[in-house]
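Taking it in order: structure first as structure tokens, then the write-up.
Lettering follows sequence order; numbering is per chain, from 1.
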2 protein chains.
Amino acid sequence: MSDLLERLRGRGWRMTAQRRVVAEVLDGEHVHLTADEVFTRASAKLPEISRATVYNALGELVSLGEVLEVATDDRAKRYDPNAHRPHHHLLCSRCGTIRDVHPLGDPLADLPATERFGFTVSDVEVTYRGLCPDCASA
Amino acid sequence: MSDLLERLRGRGWRMTAQRRVVAEVLDGEHVHLTADEVFTRASAKLPEISRATVYNALGELVSLGEVLEVATDDRAKRYDPNAHRPHHHLLCSRCGTIRDVHPLGDPLADLPATERFGFTVSDVEVTYRGLCPDCASA
DNA sequence: GTATTGACTTGGACTTAGTCCATCGTAGGA
DNA sequence: TCCTACGATGGACTAAGTCCAAGTCAATAC
């Protein structure tokens, strides 16, 4: 049994069969799925599940901070289940593959007060872009 | 007359009335417009312009490297005309405002070879997230 | 164990952002 | 000025996501 399901139950998230399969799909994968891919995998485990329910569940997991929403250049957002460990992303500009990476240093510290324009800055998102080994050799 | 139009002409970009207004709209603005906003502003100058033409022109400006495409959490991509000076973005998570910022240091240097997984890394995109002064005080 | 109830799910219609394509128009070279 | 290949048009189409009214069910109370 996964940490994620435990945590969600502990936080009072009403557990249903649908929510369970969505959480399981994300928990089992270390890649970054689109909503549609989550739906496909969830359907395999629970054929009656509806697309709207998957979107609802993903939205809630994001609000709860258990899953991160990643906007790429593709049209579809991707969902990153690794929200509990801060990390950044390495994105292949050809095939769209995403990998988690852990750079040195804290980019938040690199933004001096004079460059904050009065914003209350709470978070940074860093995306490295390039070609993955497969696409670079092709 | 703008630098941008000169540069485009110099690069052999066939100039039409439509392409001119799209370039002018981007050149005149220091904010980051969506394709739809570009279309609205372009229509004000040239009412017959078509949506498809705006998308075509934006796509070409991006391929030419004259304009940057920025994926935010909103559904619509935004277009950043400030492509010639490297910079990052400061995004208000409530109202969606984007500002250009210039942090210290080079985030590319912060990604050690062991964290590159064989990728040929060519670019980094950094987005700071927080609340702008207006939204923070509201 | 059963009843209750408000939260969750459903699926289909709808919206938004963007793409495609056949046809027409025109910028720029000869 | 004429040609022609490249660009523009607009309407149909697709992809991704949202909304909603009606039905279902998990968790609490009894």
Side-chain angles (χ1 to χ4, degrees), chain A residues 5-6 8-26 32-43 45-64 66-80 96 98, chain B residues 5-6 8-26 32-64 66-80 96:
Chain A
L5 286 179
E6 284 308 325
L8 290 169
R9 209 191 305 273
R11 296 180 64 180
W13 203 50
R14 186 164 164 179
M15 193 53 65
T16 66
Q18 292 82 349
R19 289 177 167 196
R20 193 190 326 278
V21 299
V22 170
E24 280 171 3
V25 164
L26 288 170
H32 301 65
L33 302 170
T34 62
D36 197 65
E37 287 162 351
V38 173
F39 172 67
T40 304
R41 284 167 163 73
S43 299
K45 298 177 175 223
L46 184 67
E48 327 81 78
I49 197 170
S50 142
R51 207 170 276 275
T53 300
V54 171
Y55 278 104
N56 288 341
L58 287 173
E60 278 157 29
L61 290 171
V62 170
S63 326
L64 288 169
E66 293 290 346
V67 162
L68 243 46
E69 211 175 55
V70 185
T72 67
D73 294 342
D74 290 344
R75 287 225 262 160
K77 288 173 186 162
R78 289 175 179 272
Y79 292 88
D80 178 350
I98 303 181
Chain B
L5 287 179
E6 283 310 324
L8 290 169
R9 209 190 305 273
R11 297 180 65 178
W13 204 50
R14 185 164 165 179
M15 193 54 65
T16 66
Q18 293 82 349
R19 288 176 168 197
R20 193 190 327 278
V21 299
V22 170
E24 280 171 1
V25 164
L26 288 170
H32 301 66
L33 302 170
T34 61
D36 197 65
E37 287 162 350
V38 173
F39 171 67
T40 303
R41 284 166 163 74
S43 299
K45 298 178 175 223
L46 184 66
E48 327 80 80
I49 197 169
S50 142
R51 208 170 276 276
T53 300
V54 172
Y55 277 104
N56 289 341
L58 288 173
E60 279 156 30
L61 291 171
V62 171
S63 324
L64 288 169
E66 294 289 348
V67 163
L68 243 46
E69 210 174 59
V70 184
T72 67
D73 294 342
D74 290 344
R75 287 223 262 156
K77 289 172 185 163
R78 290 176 178 272
Y79 293 87
D80 179 351

>> What is the distance, to the nearest angstrom, from the CG atom on L46(A) to the P atom on dC25(D)?
In response: 11 Å
> Quick one: does E37(A)'s side chain get under 4.5 Å of H32(A)'s, heavy atoms only?
Replying inline: no
>> Using only modelled atom types and a 3.5 angstrom limit, is any donor from either the side chain of R14(B) or the base of dT26(C) paired with an acceptor on the other?
In response: yes
> Can you tell me how far P of dG11(C) sits from CD of E48(A), to the nearest Å?
Replying inline: 9 Å
>> If you assign each of N56(A) and Y79(A) to its closest nucleotide in DNA chain D, which residue comes earlier from the 5' end?
In response: Y79(A)
> Whole-Å distance between dA16(D) P and D74(B) CG?
Replying inline: 18 Å
> So what does R51(A) touch, heavy atoms closer than 4.0 Å: a base, only the sugar-phosphate, or nothing?
Replying inline: nothing
>> Nearest to the side chain of I49(A), heavy atoms from C-beta on, is which of dG28(C), dT10(C), dG11(D)?
In response: dT10(C)
> Of W13(A) and A76(B), whose closest DNA chain C nucleotide lies nearer the 5' terminus?
Replying inline: W13(A)
> Given side chains that start at C-beta, do those of V22(B) and T53(B) come closer than 4.5 Å, heavy atoms only?
Replying inline: no
>> Any non-hydrogen side-chain atom of L46(A) less than 4.5 Å from a side-chain atom of R20(A)?
In response: no
> Atom CD of Q18(A) and atom CD of E48(A): how far apart are they, to the nearest 0.5 Å?
Replying inline: 7.5 Å
>> Any donor-acceptor pair, under 3.5 Å, between the side chain of S50(B) and the base of dG10(D), if you only look at N and O atoms?
In response: yes
>> Between C1' on dG17(D) and NZ on K77(B), what's the gap in Å once rounded to a whole number?
In response: 15 Å
> Atom CD of E60(A) to atom C1' of dT18(D): distance rounded to whole Å?
Replying inline: 14 Å
>> Checking contacts here: which listed nucleotide (dA8(D), dC8(C), dA16(D)) is nearest the side-chain heavy atoms of R75(A)?
In response: dA16(D)
> Can you tell which of dG7(D), dT10(C), dT9(D) lies closest to the side chain of A52(A)?
Replying inline: dT10(C)
> How long is the line joining CZ of F39(B) and P of dT16(C), in whole Å?
Replying inline: 15 Å
> What integer distance in Å separates R9(A):CZ from dC8(C):P?
Replying inline: 15 Å
> Given E66(A), which of R19(A), R11(A), R9(A) fulfils the salt bridge (Lys or Arg N to Asp or Glu O under 4.0 Å) condition?
Replying inline: R11(A)
>> For a quick test of reading the model: is some side-chain N or O of R19(B) closer than 4.0 Å to OP1 or OP2 of dC6(D)?
In response: no
>> At less than 4.0 Å, is any side-chain N or O atom of Q18(B) found next to OP1 or OP2 of dG25(C)? Yes or no.
In response: no
> Starting at the 5' end of DNA chain C, which residue's closest nucleotide do you reach first, M15(B) or A35(B)?
Replying inline: A35(B)
>> Counting only side-chain nitrogens and oxygens, does Y55(A) get under 4.0 Å of the OP1 or OP2 atom of dG17(D)?
In response: yes
>> Whole angstroms only, please: what is the CD-P distance between E37(A) and dA16(D)?
In response: 10 Å
> Reckon T16(A) touches a base, only the sugar-phosphate, or nothing at all at heavy-atom distances under 4.0 Å?
Replying inline: sugar-phosphate
> Looking at CG of L33(A) and OG1 of T40(A), how far apart are the two atoms once the value is rounded to the nearest 0.5 Å?
Replying inline: 9.5 Å
